[in-house]
**Q** 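Dropping the structure in here first, questions after.
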Amino acid sequence: MIVSWNVTNSCNMYCEHCYRDAKDKAQGELTLAEGKKLLEEIAAAHFKVIIFSGGEPLMRPDIYELIQYASSLKLRPVLGSNGTLISSAVAQRLKSAGACCIGISLDSLDKMKHDNFRKFDGGWTQAVKGMKNCKAANLPFQIHTTVMKWNMDEIIALTDFAVAMGACGHYTFFLVPTGRGVNIEKESLSEQEYENLLRSIMLKQKQVKIQLKPTCAPQFMRIAKELNVKTRFTKGCLAGISYCIINPIGNVQPCAYLDLLIGNVREKPFDKIWNESPILNKLRTAKYEGKCGSCEHKDICGGCRARASFYNNGNYMGEEKFCAYHR
């Protein structure tokens, strides 16, 4: 059970794919007191992992207090960061607050390509420095890469880089057209490119000890099964089943890329939203339409519900476009 909370919309970058369209702080972001209440409700709903993300979560001054409070509630606090603000002192402070792992974004081995994509000069160098600072503080970190046509041939090399840096994992996020990502939809992989890369990632998993996790690519579960790759994961798309996200002002949606409001934590406790939402309960039925509904792998895959919604006029139970299995 994993929940993400975008603790702020503030960000020091302006990435082309950002689902939150982050830059400036949003009006009415949850206060520290509201955040602590939210964390209590997340624990009451039996979640185990809380991902503090943004924007850039390290731009929220009270982030350390939130991490510490989450840890006191027996939640496992992790961060999704661009890494540029992780100085040696910040890494030590995150470790002391109780952070368990830091996800640091790196989209290319080419410094210029990464910096251009994230609209931040020196971003690559600072992100890698952040990784080194985490390692020195004995704070586990993993590399996060958004997959697009222009960098898909680098993914396996980035996994090797993650191993060399001492990362505990390499998570690949396949582009979903939402937020600013709508403007670069053409960079999404074709269904065959998607299939081929997932197969390469799963074959790579047999060769490396760190964890490889394709995200927004639930077909990796079918491919792992076909290739007899051991994975601790049991389901591809987790949206509404064992995952959801809360935005900076308290709106809850099934996943970061499925922009579908299911409630606001200022109006209704999070645990009640999680248990009572008709939309979440519909997602949990797994009564998908089209080829997703008839697929023998639907119980371990489920298709990307966000991508299904985008390409089926908002029908989040529809067939996912980017799947080569039934073509």
Side-chain angles (χ1 to χ4, degrees), residues 4 6 9 11 13-23 26 51 53-55 80 82 103 105-108 113-114 116-120 144-155 171-198 201 213-220 236-240 243-248 251-262 279 283 288-292 301-327:
S4 293
N6 301 126
N9 207 61
C11 193
M13 291 186 169
Y14 195 77
C15 307
E16 292 184 2
H17 67 304
C18 183
Y19 66 84
R20 193 54 72 206
D21 195 17
K23 183 61 177 176
I51 303 171
S53 62
N82 60 44
S105 299
L106 199 73
D107 300 301
S108 177
K113 287 181 179 180
H114 173 88
N116 286 343
F117 179 61
R118 294 189 171 264
K119 305 292 187 291
F120 191 91
H144 291 174
T145 302
T146 298
V147 181
M148 294 154 289
K149 284 185 182 293
W150 65 264
N151 70 349
M152 65 180 181
D153 292 333
E154 292 188 66
I155 300 305
Y171 278 36
T172 43
F173 292 75
F174 285 68
L175 181 67
V176 179
T178 188
R180 289 200 289 265
V182 170
N183 301 321
I184 57 170
E185 189 234 344
K186 65 182 184 301
E187 291 295 337
S188 297
L189 274 58
S190 70
E191 62 185 41
Q192 197 57 54
E193 289 169 336
Y194 189 97
E195 181 86 1
N196 293 344
L197 182 54
L198 286 178
I201 292 170
K213 170 63 165 63
T215 300
C216 298
Q219 293 81 5
F220 88 91
C237 182
L238 306 179
Y243 173 81
C244 70
I245 192 167
I246 302 125
N247 81 357
N251 288 337
V252 184
Q253 57 191 75
C255 87
Y257 309 100
L258 183 51
D259 192 8
L260 193 62
L261 177 63
I262 57 174
I279 291 172
L283 283 163
Y288 311 124
E289 299 174 17
K291 292 187 171 71
C292 284
C301 173
C304 174
R305 294 300 97 208
R307 205 173 281 114
S309 177
F310 183 82
Y311 290 104
N312 290 285
N313 299 312
N315 180 10
Y316 55 88
M317 298 301 284
E319 176 182 313
E320 197 207 317
K321 176 180 179 180
F322 292 98
C323 181
Y325 185 64
H326 284 293
R327 303 301 180 202

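Side chains included, hydrogens not; waters and symmetry mates left out as well; all remaining heavy atoms used. One is the number of the first residue; the rest follow in order along the sequence.
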**Q** Taking the side chain as C-beta and beyond, is there a heavy-atom pair between K291 and Y325 under 4.5 Å?
**A** no
**Q** Sequence neighbours excluded, which residues qualify as ring pair (Phe, Tyr, Trp, His ring centres under 6.0 Å) partners of Y257?
**A** Y19
**Q** Look up atom CZ in R307 and atom SG in C323, then write down how far apart they are to the nearest 0.5 Å.
**A** 10.5 Å
**Q** Does some side-chain heavy atom of L258 sit less than 4.5 Å from a side-chain heavy atom of Q253?
**A** no
**Q** Just so I know, are the side chains of E16 and E187 near enough to count as touching, which here means a heavy-atom distance under 4.5 Å?
**A**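 Heavy-atom side-chain distance check fails, nothing below 4.5 Å.
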**Q** Just by distance, do the side chain of E193 and the backbone of S190 share a donor-acceptor pair under 3.5 Å?
**A** yes
**Q** What's the verdict on side-chain hydrogen bond (donor to acceptor under 3.5 Å, both in side chains) for Q219 and Y194, showing C-alpha distance, side-chain angles and the deciding distance?
**A** CA-CA 9 Å; Q219 293 81 5; Y194 189 97; 2.9 Å; yes
**Q** Output yes when a side-chain donor or acceptor of E320 lies under 3.5 Å from a complementary backbone atom of C304, and no otherwise.
**A** yes
**Q** With sequence neighbours left out, write down each residue that passes ring pair (Phe, Tyr, Trp, His ring centres under 6.0 Å) with Y14, or none if nothing qualifies.
**A**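 With sequence neighbours excluded, Y14 shows a ring pair (Phe, Tyr, Trp, His ring centres under 6.0 Å) to no residue whatsoever.
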**Q** Working to the nearest 0.5 angstrom, can you tell me the gap between L106 CG and H144 NE2?
**A** 11.5 Å
**Q** I need the I262 CD1 to I245 CD1 distance, nearest 0.5 Å.
**A**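 Between I262 CD1 and I245 CD1, I get 11.0 Å after rounding to 0.5 Å.
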**Q** Set out, in order, the CA-CA distance, both residues' side-chain angles and the distance that settles side-chain hydrogen bond (donor to acceptor under 3.5 Å, both in side chains) for D107 and T145, then state yes or no.
**A** CA-CA 5 Å; D107 300 301; T145 302; 5.1 Å; no
**Q** Do Y316 and L283 pass the side chain to side chain contact (heavy atoms under 4.5 Å, CB included) test, and can you show the C-alpha distance, the side-chain angles, and the key distance before you say yes or no?
**A** CA-CA 8 Å; Y316 55 88; L283 283 163; 3.7 Å; yes
**Q** Would you say that N9 contacts R20 through its side chain, given a criterion of any heavy-atom pair below 4.5 Å between the two side chains?
**A**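 N9 reaches R20 side chain to side chain.
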**Q** Please examine the side chains of L189 and F322, heavy atoms only from C-beta on, and report whether any two atoms are closer than 4.5 Å.
**A** no
**Q** With the side chain counted from C-beta on, respond yes when N82 and C11 share a heavy-atom pair under 4.5 Å apart, and no when they do not.
**A**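 They are in contact (side-chain heavy atoms under 4.5 Å apart), so the answer is yes.
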**Q** Going by heavy atoms in the side chains, are F173 and S105 under 4.5 Å from each other?
**A**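 Counting from C-beta outward, F173 and S105 never come under 4.5 Å.
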**Q** Report the distance from atom CZ of F174 to atom CG of L197, rounding to the nearest 0.5 Å.
**A**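 Reported value, rounded in 0.5 Å steps: 4.5 Å.
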**Q** Please check this pair: side chain of N196 against backbone of Q192, looking for a donor-acceptor N/O pair closer than 3.5 Å.
**A** yes
**Q** Hey, are the side chains of L260 and S309 touching, using non-hydrogen atoms and a 4.5 Å cut-off?
**A**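 Sidechains of S309 and L260: no contact.
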**Q** For N312 and E319, indicate whether the former's side chain and the latter's backbone hold a donor-acceptor pair under 3.5 Å.
**A**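 Answer holds: yes.
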**Q** To the nearest 0.5 Å, what is the distance between NE2 on H17 and CZ on R118?
**A**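 Separation between the atoms: 4.5 Å.
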